S.K.: 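This structure is in structure tokens; I'll ask about it shortly.
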Amino acid sequence: MEEQEILNMLTLTKMGHFNLVEMLQLYRAAGSATAIIENRKDIKSLLPDCSQKVFDSLQNIDDVRKLAENELEFSIRNDINILPIGTQYFPHRLEQCEDAPLILFFKGTSDLNRKRIINIVGTRHCTSYGQDVVKHFVEDLRQLSPEVLIVSGLAYGIDICAHRAALENGFDTVAVLAHGLDYLYPTLHKSTADRMFTQGGLLTEFFTNTNADKLNFLRRNRIVAGISDATILVESAAHGGGLVTARISESYNRDVYAFPGNVNARYSEGCNNLIRDNRAGLISNADDFVNAMGWQDDAKISKARKKGIERMLFPELTDDEKTIVDALLKVDNQQVNNLSSQLGMPMNRLAASLFSLEMKGVVRVLAGGVYHLIIQQDNGK
């Protein structure tokens with residue numbers, strides 16, 4: 001996508017901050033952000049129902065354009081990927097939602113269009129019960145559906161438990177933030193966020209210099225729900241952000257599941273109510289979830305693919321190349337600096353082996369210099 005179109009999309013994003021649905025309708029009607037900017041004097045010919053507020057905002061774009069230019073410069077300078085809607089790397093599940101953003105900002109290595117994506121959310125005041133539920137669920141899920149991408153919001157409580165459990169079990173995990181990528185909230189979770197840059201990433205729709213206000217957390221929840229196949233609620237009071245994510249997921253026709261708890265436990269009340277009202281499926285472990293989603297064959301497929309790689313590729317690889325493939329089999333989509341540090345391999349030697357693997361069709365380079373292991377099918381040979 002041309003830089004001018006991205007700049008125009010950033011401009012519209014900043015303008016349409018409180019008119020998400022209408023701005024997306026306008027974008028789809030016009031076919032591009034540039035068409036909207038160029039035809040802004042006659043915008044109602046593109047969208048007859050365009051509100052006066054949106055029409056007026058489009059008539060003077062100079063101040064907003066400057067903010068968009070600054071945001072583009074910041075993203076380039078800090079290796080942040082700008083993901084415009086309708087492009088290859090924008091989350092396709094989210095694109096189906098009527099209030100999807102025009103632009104996302106992402107720093108990390110994960111494919112946001114993985115075959116399996118779930119979010120795990122819940123109260124910020126989780127108990128030891130909630131922590132144990134998350135820990136055992138993620139551990140068991142690794143054996144049953146190892147290719148899942150786990151999403152949450154990096155908040156205290158269930159969110160951070162989900163991210164840390166994912167990292168410890170070799171899953172990629174993505175945090176959706178309620179602010180820009182110029183700082184991190186809460187700061188206590190920085191060490192976890194740093195690990196996620198090479199095993200997941202941080203995702204947001206917000207520009208820099210955006211405070212983590214209450215409204216932004218509610219907006220963040222729709223991104224968490226929209227990029228996922230299913231929402232899993234672990235501990236929630238009668239009201240809370242996790243319930244908001246579950247409600248949004250339901251409105252997007254995505255699956256919602258909840259772990260039940262003691263009927264007298266405050267932070268199980270929200271989960272129990274969802275189950276009682278048939279708005280969430282009851283699960284008590286990873287087996288329940290995988291069976292409900294119809295993902296029972298994931299583990300078999302993963303093992304078959306791994307054996308296929310070992311049988312078909314390893315005889316053709318050098319020792320260094322085999323070492324790299326082994327590392328990518330454990331944690332795929334890694335940057336070269338991370339691989340060099342992890343393997344203790346000098347950069348020049350690693351670069352030569354990666355180039356050779358790329359020529360052999362074993363790996364490919366993704367955005368941001370991330371190396372992805374290409375799974376080759378076992379043809380029964």
Side-chain angles (χ1 to χ4, degrees), residues 93 110-123 126-155 157-176 192 195-196 199-200 224-225 227-236 242-243 245-246 249-250 254-262 265 267-268 270-272 274-276 278-306 329-332 375:
R93 295 167 179 84
S110 280
D111 177 3
L112 301 177
N113 290 299
R114 281 272 189 93
K115 183 179 179 182
R116 312 290 195 208
I117 303 180
I118 65 170
N119 68 73
I120 301 175
V121 295
T123 180
C126 68
T127 67
S128 57
Y129 165 73
Q131 295 174 25
D132 287 343
V133 164
V134 172
K135 178 178 182 291
H136 293 302
F137 176 82
V138 174
E139 284 177 353
D140 293 344
L141 187 65
R142 182 63 182 173
Q143 304 304 316
L144 300 169
S145 192
E147 303 301 321
V148 168
L149 170 63
I150 296 177
V151 176
S152 199
L154 205 70
I158 295 299
D159 285 20
I160 194 64
C161 287
H163 291 306
R164 288 171 177 165
L167 292 169
E168 289 165 7
N169 286 278
F171 284 112
D172 276 12
T173 181
V174 168
V176 185
T192 301
R195 288 181 64 189
M196 292 165 67
Q199 196 178 327
V224 172
I227 67 176
S228 307
D229 297 306
T231 289
I232 299 172
L233 187 64
V234 182
E235 286 201 310
S236 173
L243 285 174
T245 304
S249 296
E250 186 181 20
R254 309 295 166 81
D255 291 290
V256 179
Y257 297 93
F259 280 88
N262 189 306
Y267 292 111
S268 289
C271 294
N272 292 343
L274 280 185
I275 295 167
R276 179 199 65 199
N278 294 317
R279 296 180 58 200
L282 186 157
I283 57 173
S284 56
N285 51 50
D287 281 286
D288 289 347
F289 173 72
V290 168
N291 289 332
M293 294 296 292
W295 295 354
Q296 296 93 327
D297 290 335
D298 285 8
K300 296 177 183 177
I301 292 171
S302 180
K303 289 177 182 178
R305 285 178 173 173
K306 183 175 180 179
L329 277 169
K330 293 176 182 175
V331 179
D332 201 5
I375 303 297

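The structure displayed is predicted, hence computed values, not measured ones.
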S.K.: Just by distance, do the side chain of Ser152 and the backbone of Ile120 share a donor-acceptor pair under 3.5 Å?
M.R.: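 Judged by distance alone, yes, a pair lies under 3.5 Å.
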S.K.: Hey, could you give me the OG1/CD1 distance between Thr192 and Ile160, rounded to the nearest 0.5 Å?
M.R.: 4.0 Å
S.K.: Would you say Ser145's side chain and Leu141's backbone share a donor-acceptor pair under 3.5 angstrom?
M.R.: no
S.K.: Would you find a donor on one side and an acceptor on the other, under 3.5 Å apart, between the side chain of Gln199 and the backbone of Phe171?
M.R.: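 Checked: pair present.
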S.K.: With rounding to the nearest 0.5 angstrom, report the NZ to OG distance, Lys135 to Ser128.
M.R.: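 So the gap between those two atoms works out to 13.0 Å.
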S.K.: Donor-acceptor pair, Asp229 side chain versus Ile117 backbone, under 3.5 Å?
M.R.: yes
S.K.: Are Asp140 and Asp287 side-chain neighbours, meaning at least one heavy-atom pair lies under 4.5 Å?
M.R.: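 Side chain of Asp140 against side chain of Asp287, heavy atoms only: no contact under 4.5 Å found.
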S.K.: When rounded to the nearest 0.5 angstrom, what is the spacing between CZ in Arg164 and CG in Asn169?
M.R.: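 Reported to 0.5 Å precision, the distance equals 14.5 Å.
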S.K.: Indicate yes or no for a side-chain donor-acceptor contact from Glu235 to the backbone of Thr123 under 3.5 Å, with no hydrogens or angles considered.
M.R.: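 Answer holds: no.
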S.K.: Under a 4.5 Å cut-off applied to non-hydrogen side-chain atoms, are Ile283 and Ile232 in contact?
M.R.: yes
S.K.: Nearest heavy-atom pair of Leu154 and Met196: which atoms, and what distance?
M.R.: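 What the structure gives for the nearest pair is CD1-SD, 4.1 Å.
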S.K.: Can you name the one residue among Asp255, Thr231, Val148 that meets side-chain contact (heavy atoms from CB on, under 4.5 Å) with Ile118?
M.R.: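 For Ile118, the side-chain contact (heavy atoms from CB on, under 4.5 Å) test succeeds with only one of Asp255, Thr231, Val148, which is Val148.
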S.K.: Please evaluate residues Leu112 and Val174 with respect to the criterion side-chain contact (heavy atoms from CB on, under 4.5 Å), reporting the C-alpha separation (whole Å), side-chain torsions for both, the decisive distance (0.1 Å), and the verdict.
M.R.: CA-CA 9 Å; Leu112 301 177; Val174 168; 4.0 Å; yes
S.K.: Return yes if some donor-acceptor pair links the side-chain N/O of Thr173 with the main-chain N/O of Gly200 below 3.5 Å, else return no.
M.R.: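 Side chain of Thr173 to backbone of Gly200, a donor-acceptor pair under 3.5 Å: no, none is there.
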S.K.: How far apart are the closest heavy atoms of Gly153 and His163, and which atoms are they?
M.R.: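 Smallest heavy-atom distance, with atoms named: N-NE2, 3.7 Å.
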S.K.: So Asn119 and Ile150, side-chain contact (heavy atoms from CB on, under 4.5 Å) or not? Walk me through it.
M.R.: CA-CA 6 Å; Asn119 68 73; Ile150 296 177; over 6 Å; no
S.K.: Hey, does the side chain of Arg114 reach the backbone of Glu147 with a donor-acceptor pair shorter than 3.5 angstrom?
M.R.: yes
S.K.: Would you say the side-chain atoms of Asn272 pair up with the backbone N or O of Gly261, donor to acceptor, closer than 3.5 Å?
M.R.: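 Between the backbone of Gly261 and the side chain of Asn272 there is a qualifying donor-acceptor contact (under 3.5 Å).
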S.K.: Report yes if the side chains of Arg254 and Arg93 come closer than 4.5 Å at any heavy-atom pair, otherwise no.
M.R.: yes
S.K.: Among Leu243, Asp159, Ile158, find the one that has a side-chain contact (heavy atoms from CB on, under 4.5 Å) with Val121.
M.R.: Asp159
S.K.: What distance do Tyr257 atom OH and Leu282 atom CG have between them, rounded to the nearest 0.5 Å?
M.R.: 11.5 Å
